[in-house]
2 protein chains.
Amino acid sequence: MNLVGDWWTLLILRDAFFGAQRFGEFQASLGVARNILANRLDGLVRSSILARQGPPRRPRYTLTDKGRALLPALVALQQWGDVWASPNGAPILVTDEAGAVLQPVELRSRRGPVDATNVRFVAGPDATARTRAFLAAVAGERP
Amino acid sequence: MNLVGDWWTLLILRDAFFGAQRFGEFQASLGVARNILANRLDGLVRSSILARQGPPRRPRYTLTDKGRALLPALVALQQWGDVWASPNGAPILVTDEAGAVLQPVELRSRRGPVDATNVRFVAGPDATARTRAFLAAVAGERP
DNA sequence: CTGTATCCTTAAAGATACTG
DNA sequence: CAGTATCTTTAAGGATACAG
């Protein structure tokens with residue numbers, strides 16, 4: 001969340017996946033103020049989510065492996081919007097290289113697909129005491 | 001993005017999936033100001049992502065189907081953070097009802113798993129002229 | 001074209017006190 | 001307990017001009 005949980009940052013990443021690479025492309029597409037865009041791009045580069053390439057005077061911003069790894073999360077969010085919040089159908093289709101539309105992202109364990117109502121959250125080995133306390137508190141609330 | 005693309009909103013939803021239902025639980029967990037929390041909860045209820053249940057004086061906020069449908073996106077984001085942005089392992093594990101950890105969310109088409117580098121975005125039937133123009137522009141940029 | 005620097009305006013956020 | 005109301009502070013965002 002600290003790295004990508006920001007309004008403009010998420011939109012910049014979306015455009016990056018669409019293929020935008022230049023400062024001007026992001027600016028024209030998003031209509032964001034230049035100083036804000038520069039700030040967000042800088043943050044994404046410092047987080048190694050985008051890489052600055054080419055001449056310093058006219059760089060291209062490209063997704064790193066770390067950045068590309070965000071695609072499932074963004075596609076899942078887009079699919080949610082298409083189904084639950086888009087009045088007239090999906091404006092943009094996400095496909096594979098052959099043009100086949102992607103299936104809805106789903107949660108799976110080794111035992112197969114997992115429905116949202118069956119998902120559980122448990123403290124990991126490195127969870128803080130605060131996290132454990134919170135999970136225990138809300139778990140006891142609705143058995 | 002208009003519905004959930006907000007810092008506190010995303011954290012509220014995360015806590016809701018963990019099991020939080022009461023105003024006080026969210027407030028204690030997040031440390032957010034009461035007025036802000038009330039504002040965000042109201043927005044989520046108006047968006048039908050959360051439902052207000054029980055007595056008006058002491059309501060419980062529960063996820064609707066629309067809200068639960070967000071889980072894949074949030075899990076995908078969490079998995080990304082665990083792999084790419086978490087210094088010491090995952091603090092919280094996501095499992096199925098039997099305790100089996102969920103597999104990484106992946107993109108699939110009918111033809112099988114799809115790598116991020118092979119994903120394409122194409123204008124849907126209801127895309128605006130603006131969307132089409134943008135996609136065409138960035139597509140021509142890097143063939 | 002890609003920023004940086006500056007100013008200005010607005011909105012978000014926090015703190016606090018209060019109420020049903 | 002779950003808000004509402006009010007006030008203050010802070011930060012974000014936008015507009016503009018300028019520079020490399």
Take the protein atom [atom1] of [X] and the nucleotide atom [atom2] of [N], then report the distance between them rounded to whole Å.
X	N	atom1	atom2	value
Leu37(B)	dT16(C)	CG	P	18 Å
Leu11(A)	dA12(D)	CG	P	17 Å
Leu30(A)	dG13(D)	CG	C1'	14 Å
Phe23(B)	dA2(D)	CZ	C1'	6 Å
Asp42(B)	dA5(D)	CG	P	12 Å
Asn39(A)	dT6(C)	CG	P	16 Å
Arg34(A)	dC1(C)	CZ	P	9 Å
Gln27(A)	dG14(D)	CD	P	10 Å

Donor-acceptor contact below 3.5 Å, side chain [X] vs main chain [Y]:
X	Y	result
Gln79(A)	Gln103(A)	yes
Thr64(A)	Ser48(A)	yes
Gln21(B)	Ala16(B)	no

Shared ILVMFWY cluster between [X] and [Y], side chains joined below 4.5 angstrom?
X	Y	value
Leu93(A)	Trp84(A)	no
Phe134(B)	Val122(B)	no
Phe17(B)	Trp80(A)	yes
Leu74(A)	Val101(A)	no

Are any protein N/O atoms closer than 3.5 Å to N/O atoms in nucleotides 8-10 of chain D? If there are, list each pair with its distance.
none

Residues of residues 45-57 of chain B with any non-hydrogen atom less than 4.0 angstrom from an atom of DNA chain D: list those, numerically ordered, please.
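Output list: Arg52(B), Arg57(B).
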
Please list, for nucleotides 8-13 of chain C, all pairs of protein and nucleotide N/O atoms separated by less than 3.5 Å.
| from | atom 1 | to | atom 2 | distance (Å) |
| --- | --- | --- | --- | --- |
| dA13(C) | OP2 | Arg40(B) | NH2 | 2.1 |

Do the charged groups of Arg40(B) and Asp6(B) touch, with an N to O distance under 4.0 Å?
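Salt bridge flag = yes for Asp6(B) with Arg40(B).
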
Asp96(A) and Arg111(B) ion-paired at < 4.0 Å:
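Salt bridge present between Asp96(A) and Arg111(B).
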
For a quick check of understanding: with a heavy-atom distance under 4.0 Å over all strands, which category does Tyr61(B) fall into, base, sugar-phosphate or nothing?
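It contacts sugar-phosphate atoms only.
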
Do Arg52(A) and Tyr61(A) get their side chains close enough for a donor-acceptor pair, meaning under 3.5 Å?
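Judged by distance alone, the side chains do pair up.
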
Geometric class of the Phe121(A)/Phe18(B) ring pair [parallel <30°, tilted 30-60°, perpendicular >60°]
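Aromatic pair Phe18(B)/Phe121(A) classed perpendicular.
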
